[in-house]
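FYI, side chains are in, hydrogens and waters are out, and symmetry mates aren't considered; it's all heavy atoms of this structure. Letters go in sequence order (proteins before strands), and every chain restarts at 1.
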There are 2 protein chains.
Amino acid sequence: MPEPLSLIDQAERQCLARGVRFTPIRRRVLEMIATSHGALKAYDLLDQLAKEHGAARPPTIYRALDFLLEQGLVHRIESLNAYLACHCPEHQHGFQLLICRGCGRVEEMHDDDLGTRLVASADRHGFSIERQTIELEGRCQDCTSQAAAMAENAQ
Amino acid sequence: MPEPLSLIDQAERQCLARGVRFTPIRRRVLEMIATSHGALKAYDLLDQLAKEHGAARPPTIYRALDFLLEQGLVHRIESLNAYLACHCPEHQHGFQLLICRGCGRVEEMHDDDLGTRLVASADRHGFSIERQTIELEGRCQDCTSQAAAMAENAQ
DNA sequence: AAATAATATGATATAACATAACAATAATGA
DNA sequence: TCATTATTGTTATGTTATATCATATTATTT
Ligand SMILES: [Zn+2]
Ligand SMILES: [Zn+2]
Ligand SMILES: [Zn+2]
Ligand SMILES: [Zn+2]
């Protein structure tokens with residue numbers, strides 16, 4: 001799976017272009033989030049990082065996360081207090097997160113039409129929207145079919 | 001403003017109908033959330049409650065909140081770790097929250113079409129959605145016009 | 001009514017998540 | 001080089017939420 005590597009390279013290029021510093025700690029934290037299959041929590045990241053870097057403390061992780069969030073390289077999942085690498089940070093985007101209850105997988109969805117509608121709908125209520133948090137919890141295809149198979153066997 | 005009172009009466013009737021107990025603590029916590037203008041945090045509720053009820057501790061509040069959330073009488077705002085009274089708990093609903101950065105006001109919106117579209121969109125990604133968290137942060141009408149007036153005066 | 005079971009609350013402790021504040025170090029620019 | 005800025009180290013603390021077991025209240029059964 002070459003994707004995590006290219007994601008880091010992309011992040012590096014992006015930071016260079018913006019004149020911000022992609023330091024070893026920031027790089028390493030992004031790598032950890034990117035190579036994990038689901039979302040990661042701050043203190044899990046801390047535990048991992050501390051193994052390689054004894055000086056790591058909560059501020060170490062939260063500063064790295066703040067940086068990565070600001071640069072759009074990582075998204076925060078509010079309903080899980082967890083963090084997910086963005087796989088298309090190069091364009092600004094509104095996004096929706098699909099969270100599986102079964103396996104913990106989190107997928108990033110981009111339905112721009114949806115975002116537009118939300119903004120329009122809020123506008124009718126007098127609100128001008130600057131940030132959207134959209135998190136949809138349910139079951140992914142695998143977990144849905146697995147549940148169906150279990151039900152069948154139980155008969 | 002007679003609304004908070006009727007909201008409590010409505011909650012009482014609903015609990016009676018469902019055979020669940022609307023105890024004094026639960027009632028009081030709902031009252032506090034309902035009469036507050038914006039959203040309230042758990043530990044603010046705790047401070048308030050402790051003034052009238054010395055035995056109140058974190059579990060006291062979190063148990064009451066869990067109950068009220070289960071009954072749909074209160075909504076949790078994930079992006080603020082705060083709680084908001086529902087003004088139409090009688091019908092099951094998906095909802096969207098509009099959060100003002102200026103004044104902290106939170107409004108509940110019900111765009112059912114939006115909810116339907118979200119579900120359809122997620123379905124195309126193989127996800128079946130059971131819960132939606134939609135929180136839109138921006139500025140309410142008052143705060144937007146206030147900001148505009150300030151800018152005008154600054155010239 | 002008394003016994004039993006189910007719910008709810010009290011009480012203590014601790015887990016999980018996040019930031020404040022200041023010192024030390026490293027990178028950058030004049 | 002020297003000053004400036006950005007980053008990291010370090011300690012402490014603030015904030016949000018849950019686990020656990022004891023006690024009390026309410027509902028149900030006998
Ligand atoms: Zn993204
Ligand atoms: Zn799944
Ligand atoms: Zn509601
Ligand atoms: Zn406002």
Side-chain angles (χ1 to χ4, degrees), chain A residues 11-12 15-30 32-33 36 38-71 73-84 104 133 135, chain B residues 11-12 15-30 32-33 36 38-71 73-84 104 133 135:
Chain A
E12 177 150 42
C15 289
L16 196 63
R18 292 182 183 174
V20 296
R21 286 164 56 193
F22 195 52
T23 64
I25 290 179
R26 292 169 177 173
R27 168 192 296 266
R28 194 69 193 98
V29 171
L30 180 57
M32 285 173 177
I33 302 177
S36 140
L40 273 178
K41 309 212 129 202
Y43 275 70
D44 293 337
L45 283 166
L46 176 55
D47 290 345
Q48 268 192 252
L49 186 64
K51 284 178 193 159
E52 326 170 344
H53 182 73
R57 295 287 179 279
T60 316
I61 288 295
Y62 283 106
R63 284 165 180 160
L65 286 172
D66 285 348
F67 173 85
L68 296 170
L69 288 165
E70 264 170 32
Q71 299 302 321
L73 296 168
V74 158
H75 299 310
R76 176 176 157 82
I77 309 170
E78 297 291 347
S79 58
L80 300 177
N81 296 334
Y83 304 85
L84 181 76
T133 300
E135 299 177 6
Chain B
E12 179 151 41
C15 288
L16 196 63
R18 293 183 183 173
V20 296
R21 287 163 57 192
F22 195 51
T23 64
I25 290 179
R26 292 167 177 177
R27 168 192 295 267
R28 194 71 194 95
V29 171
L30 180 58
M32 286 173 177
I33 302 177
S36 140
L40 274 178
K41 308 212 125 199
Y43 276 71
D44 293 337
L45 283 165
L46 176 55
D47 290 345
Q48 268 192 253
L49 186 64
K51 284 179 191 158
E52 325 170 346
H53 182 72
R57 295 285 179 279
T60 316
I61 287 295
Y62 282 105
R63 284 165 181 162
L65 286 172
D66 285 348
F67 173 85
L68 296 170
L69 288 166
E70 264 169 32
Q71 298 302 321
L73 297 168
V74 157
H75 299 310
R76 177 176 156 82
I77 308 171
E78 297 291 346
S79 59
L80 300 177
N81 296 335
Y83 304 86
L84 181 76
T133 299
E135 300 177 5

Separation of [X] atom [atom1] from [N] atom [atom2], in whole Å?
{"X": "B:L40", "N": "D:dT16", "atom1": "CG", "atom2": "P", "result": "12 Å"}
{"X": "B:R63", "N": "D:dT23", "atom1": "CZ", "atom2": "P", "result": "15 Å"}
{"X": "B:L16", "N": "D:dA27", "atom1": "CG", "atom2": "P", "result": "11 Å"}
{"X": "A:D66", "N": "D:dA6", "atom1": "CG", "atom2": "C1'", "result": "15 Å"}
{"X": "A:F67", "N": "D:dT5", "atom1": "CZ", "atom2": "C1'", "result": "15 Å"}
{"X": "A:L46", "N": "C:dA18", "atom1": "CG", "atom2": "P", "result": "12 Å"}
{"X": "A:R21", "N": "D:dT8", "atom1": "CZ", "atom2": "C1'", "result": "10 Å"}
{"X": "B:R27", "N": "C:dA8", "atom1": "CZ", "atom2": "P", "result": "16 Å"}

Handout entry: Test item: A:L65 and A:L45 side chains (from C-beta on) under 4.5 Å apart, heavy atoms
Key =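 A side-chain contact under 4.5 Å exists here.
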
Problem - Within-4.5 Å side-chain heavy-atom neighbours: B:Y83 and B:V29 - result: no

Does [N] have its OP1 or OP2 closer than 4.0 Å to a side-chain nitrogen or oxygen of [X]?
{"X": "B:K41", "N": "D:dT15", "answer": "no"}
{"X": "B:H53", "N": "C:dG10", "answer": "yes"}
{"X": "B:T23", "N": "C:dT7", "answer": "no"}
{"X": "A:R57", "N": "C:dT19", "answer": "no"}

Problem - Donor-acceptor contact below 3.5 Å, side chain B:R18 vs main chain B:Q71 - result: yes

Handout entry: Side-chain-base donor-acceptor pair under 3.5 Å for B:Y62 and D:dA19
Key = no

Problem - A:I25 side chain, from C-beta outward: closest of D:dT16, C:dA18, D:dT8 - result: D:dT8

Handout entry: Set of side chain to side chain contact (heavy atoms under 4.5 Å, CB included) partners for B:E70, sequence neighbours left out
Key = none

Exercise for the section: Please name all residues satisfying side chain to side chain contact (heavy atoms under 4.5 Å, CB included) with B:E78, sequence neighbours left out, ordered by chain then number. Expected result: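 Here the qualifying residues are A:E78, A:S79, B:R76, B:R131, B:T133, B:E135.
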
Problem - Of B:P59 and A:P59, the one whose closest DNA chain C nucleotide lies more 5' - result: B:P59

Practice task
Quick one: label A:F22 by what it contacts on the DNA or RNA (base, sugar-phosphate, nothing), any heavy atom closer than 4.0 Å.
Solution key: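 Touches nothing.
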
